[in-house]
Amino acid sequence: MNDLSKKEKRNGLIYGAAVGVIAIILSVSSIYYTRNADTYSNLYIVSTLLKILGSIAVPVFFVYLFRRSSGGDWIFSKALKSIYILLAASIVVSSLGITIYQKTMDKVVLEESYQNLMNLKIVEMEEKGASNEEIDQQMEVIEQDREFAFSPMTFRNTVPPIFISLLLNFIFALILALLFRNNTQKVK
């Protein structure tokens, strides 16, 4: 049977919400780590690990748990539907949660995080012998991100990024469905 039961859909939403909450926690941790990081290389390593953990490892682990809770018998289409429900729920929860947190959090913490990021990036680029023009280009990119973080919460800066993430996560769901499906088809 290809269709998902109500219980499977509900479980997908629950697992997805859990992944979204974990992503929010990792993002908030990243903001606070950025505020206190000592070197750009340490900041880069920690932020990369948090992104891999939040974007790949946690969702894959929850897909595994979801498959086990569903009986472990997934053909490709059922795997794709189940995984996409989980990933879509996680995207919506994490995107809205992170956006709301950034817009309502103590702006001093966010400002200190961006200031430290800029200072660390300048030091790192100067040590590598970058020109002032190259440094200015990098600062402009960070400044654009900073302006977005400090902008008010609007439809334009909230909803389109969610839809882009949903599209990209459909591709991720396709890959995971290939990995988590049963390789054997039952012949009747």
Without placing hydrogens or testing angles, list every side-chain donor-acceptor pair under 3.5 Å for residues 115-122, not counting sequence neighbours.
| unit_1 | atom_1 | unit_2 | atom_2 | d |
| --- | --- | --- | --- | --- |
| Asn116 | ND2 | Thr34 | O | 2.7 |
| Asn116 | ND2 | Arg35 | O | 3.3 |
| Asn116 | ND2 | Ala37 | O | 3.0 |
| Asn119 | ND2 | Gln115 | O | 3.3 |

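Taking the side-chain contact (heavy atoms from CB on, under 4.5 Å) definition, one finds that Val141 meets it with nothing, sequence neighbours left out. Under the side-chain contact (heavy atoms from CB on, under 4.5 Å) criterion, Val21 pairs with Ile25, Val93, sequence neighbours left out. With sequence neighbours excluded, the residues that form a side-chain contact (heavy atoms from CB on, under 4.5 Å) with Gln144 are Glu140. Looking at residues two or more places apart in sequence or on another chain, you find no side-chain hydrogen bond (donor to acceptor under 3.5 Å, both in side chains) involving Lys6. Among residues two or more places apart in sequence or in another chain, the side-chain contact (heavy atoms from CB on, under 4.5 Å) test is passed with Arg146 by Glu111, Tyr114, Glu143, Phe150. Under the side-chain hydrogen bond (donor to acceptor under 3.5 Å, both in side chains) criterion, Asp136 pairs with no residue at all, not counting sequence neighbours. Residues that satisfy the side-chain hydrogen bond (donor to acceptor under 3.5 Å, both in side chains) test with Gln138, not counting sequence neighbours, are absent from this structure. Here Lys7 pairs with nothing under the salt bridge (Lys or Arg N to Asp or Glu O under 4.0 Å) rule; sequence neighbours left out. Scored by the side-chain hydrogen bond (donor to acceptor under 3.5 Å, both in side chains) test, Thr154 finds Asn157 as partners (sequence neighbours excluded). The ring pair (Phe, Tyr, Trp, His ring centres under 6.0 Å) check on Tyr84 picks up Phe170, with sequence neighbours excluded.
Taken from CG in Leu87 to OG in Ser82, the straight-line distance is 11.0 Å, to the nearest 0.5 Å. With rounding to the nearest 0.5 angstrom, the CG atom of Leu176 is 9.5 Å from the CD1 atom of Ile56.
Counted within 6.0 Å of CZ on Phe61, heavy atoms from surrounding residues, nucleotides or ligands total 12 or fewer; the atom is thus considered open. Atom NZ of Lys51 sits in a sparse spot, with 12 or fewer heavy atoms from other residues, nucleotides or ligands closer than 6.0 Å. When the shell of 6.0 Å around CD of Glu147 is examined, it contains more than 12 heavy atoms from other residues, nucleotides or ligands.
Phe66 and Trp74 have perpendicular rings, their planes meeting at more than 60° on a 0 to 90° scale where under 30° would count as parallel.
Legend: salt bridge (charged side-chain N to carboxylate O under 4.0 Å, His left out) pairs involving residues 148-161, not counting sequence neighbours: none detected.
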